[in-house]
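Numbers restart at 1 for each chain; the letters A, B, ... are given by sequence-line order, proteins then strands.
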There are 2 protein chains.
Amino acid sequence: MGKDCRLTMAELEKYITDYFGVTESNALEGISTLFKYQTCEKGEFILEQGNSCNNLSFVFSGYQRFYAITEEGKEITQWISHESEFAVDLTAFITGSPSRWNIQALTKTELFTINKKDYDRLSEVVPDWAQFEKLFMVRCFNVLENRVFSHLSMTAEERYQFFFNYNKEIFNQVPLQYLASMLGMTPETLSRIRKKQLE
Amino acid sequence: MGKDCRLTMAELEKYITDYFGVTESNALEGISTLFKYQTCEKGEFILEQGNSCNNLSFVFSGYQRFYAITEEGKEITQWISHESEFAVDLTAFITGSPSRWNIQALTKTELFTINKKDYDRLSEVVPDWAQFEKLFMVRCFNVLENRVFSHLSMTAEERYQFFFNYNKEIFNQVPLQYLASMLGMTPETLSRIRKKQLE
DNA sequence: TTTGTCTCTTGATCTGGATCAAGAAATCAT
DNA sequence: ATGATTTCTTGATCCAGATCAAGAGACAAA
C-alpha cells in the first residue's frame, strides 16, 4: 500500500457507510482493515472462468468486464463494474462453485480485496454484518431483476436509453462493443442507435 | 389448518431440509411452526403491485404468476412460481420498498406463509439462519443471472428449449401466453416454436 | 348443452435488429 | 512519428420474430 493509504482507507470507509449504512466507527474500522489494497493493470484478469472465486473486491477505481464464452465461442459481456461496485462472481464466491465469469480490468484498476476466510469472519467483527450482507445481496438481485424486465419489455433502443441515463460516463471509458454485448445488441446496432440520438 | 396439517408440516420440513440443508430437528421445528398454512383460489392475488410485501410464502402446490404492467399498459410476466419455490417480491420484502410485482394464483394454491416480523425472528430460532438465508438469496440471484445471460446469448427458440428442459410440466398447467411473455417472445412465436419441435 | 369468453394456432406481412463487408478513426507499440 | 492493430461507423442485405387478422379449440357459466 502506497503513500495515500490513509486517504484511500477513508474513502473505503465512506463507501461502506454509503453502501451499507454502517456508521459505527469500530465496525467501520473492523471492516476496512480486513480489505487489502490492490491494483490491476489494463487487460489483467481479476478472476478467470472455471477457477474458484476466493476474493471479493470492492472497486475503488477503474472499469472491469464480466464475460463468458459460449459454446459457439462467442464472448458475452454480462456486466461492466466500476467505482464503488464489487468485482466478484457472487454465486461462486458464496457457494464455492467454479466461477462462471472472467473478470478483466478494462482500465487500470484499484481494488480493496477481502478473501473468503476473512469475509466469513466479518460477522464476528461487525455484529450487524448479516443484515448488511442481506441488503447487499438484495441489491444485486434487484439489478438483475431490472435487467430481466428490460429484456422482456423494452426495445434495444429503450434498453440503451435506460442504461445511458443510469450511467453516461461509462460510454466514454469502455469500448462500445462491450456495452453493446451487455445490452444485448450488436456493436452495429448500438452505433446506429447512438447516431440517431444525436439528431 | 385442516385435517392433514401434520402431513403438510412434514412436507414443509422435507422441503426446508432439501432447500436449505437444515437437518437438526429443533431448528426444523422452529422454522416450520412460524409458517402458517394458507390457500388461494385461482385468480386470487397473493400480492399487489405498489403494496408493501409483508409476507413470504413457500409454495406447497399450484402455480403463481409474477407480473407488472408497463407504462404502455402491457402486462409482462416476469416469473411463474410453483411447488417448492417462494412466492414473494424479494426486494420489497427485504427492503420494505413497494412491491414491483403482482403475484396472482393461476391455479388453486397452497402456501406456507411467514410474516416479516416472524421472519426477522428466524435467526433467534435457528442459529444458522443467516447462512441459510444467504444461500437462498444467492440461488435467487443465480436464477436471474442465468436469465440475463440467456437474453444476451440465445435465440427465442434456444430460450424455449432451455426452459422446457428445466421444467416441462409447467407447459401443461399454465396458459402459454404467460410462458411466452416470461421467455421474452409473443404467444404466436411460442406457438410456432412448439409446432416446429413436434416435427 | 348452449352461449359467450378466453386462449391458441395459423397465415400474411412487416420491421427491428442481425449479418456481411469495407472504409474511417482511434489506439497501441516500436 | 509511423505503421500495425483494434475499434467504430456506415451501407446493403437478410431474417428472426413482431404485428395484424381470422379461425379453431378450450373452457366456464347458466
Q: Can you tell me the distance, in whole Å, between the CZ atom of A:Arg194 and the C1' atom of D:dT10?
A: 15 Å
Q: Please report the distance, rounded to the nearest Å, between CZ in B:Arg192 and C1' in C:dG11.
A: 7 Å
Q: Please state how far atom CD in B:Gln173 lies from atom C1' in D:dA26, giving the value in whole angstrom units.
A: 15 Å
Q: Measure CG/B:Leu106 against P/C:dT7 and give the value in whole Å, please.
A: 10 Å
Q: Between A:Thr186 and C:dA18, is there a side-chain N or O to OP1/OP2 distance below 4.0 Å?
A: yes
Q: How long is the line joining CG of A:Leu152 and P of D:dG17, in whole Å?
A: 15 Å
Q: Looking at B:Phe112, does the NZ or CZ of B:Lys36 lie under 6.0 angstrom from its six-membered ring centre and within 45 degrees of the ring axis?
A: no
Q: Keeping B:Thr77 on the side-chain end and B:Met182 on the backbone end, is there a donor-acceptor pair under 3.5 Å?
A: no
Q: Would one find a side-chain N or O of B:Lys42 under 4.0 angstrom from OP1 or OP2 of D:dA28?
A: yes
Q: Would you say A:Thr189 places a side-chain N or O within less than 4.0 Å of OP1 or OP2 belonging to C:dG17?
A: no
Q: Please report the distance, rounded to the nearest Å, between CE in B:Met185 and P in D:dA18.
A: 8 Å
Q: Can you check the A:Leu190 CG to C:dT19 P distance for me, whole Å?
A: 15 Å
Q: So which one's nearest nucleotide on DNA chain C is more toward 5', A:Glu188 or B:Gln177?
A: B:Gln177
Q: Does the Lys NZ or Arg CZ of B:Arg159 fall within the cation-pi geometry relative to B:Phe162 - under 6.0 Å from the ring centre and within 45° of the axis?
A: no
Q: Hey, does the side chain of B:Lys195 come within less than 4.0 Å of C:dT9's phosphate (OP1/OP2), counting only N and O?
A: no
Q: Starting at CD of B:Glu157 and ending at P of D:dA18, how long is that distance when rounded to a whole Å?
A: 13 Å
Q: Checking B:Glu44 side chain against B:Glu41 main chain: does a donor-acceptor pair fall under 3.5 Å?
A: yes
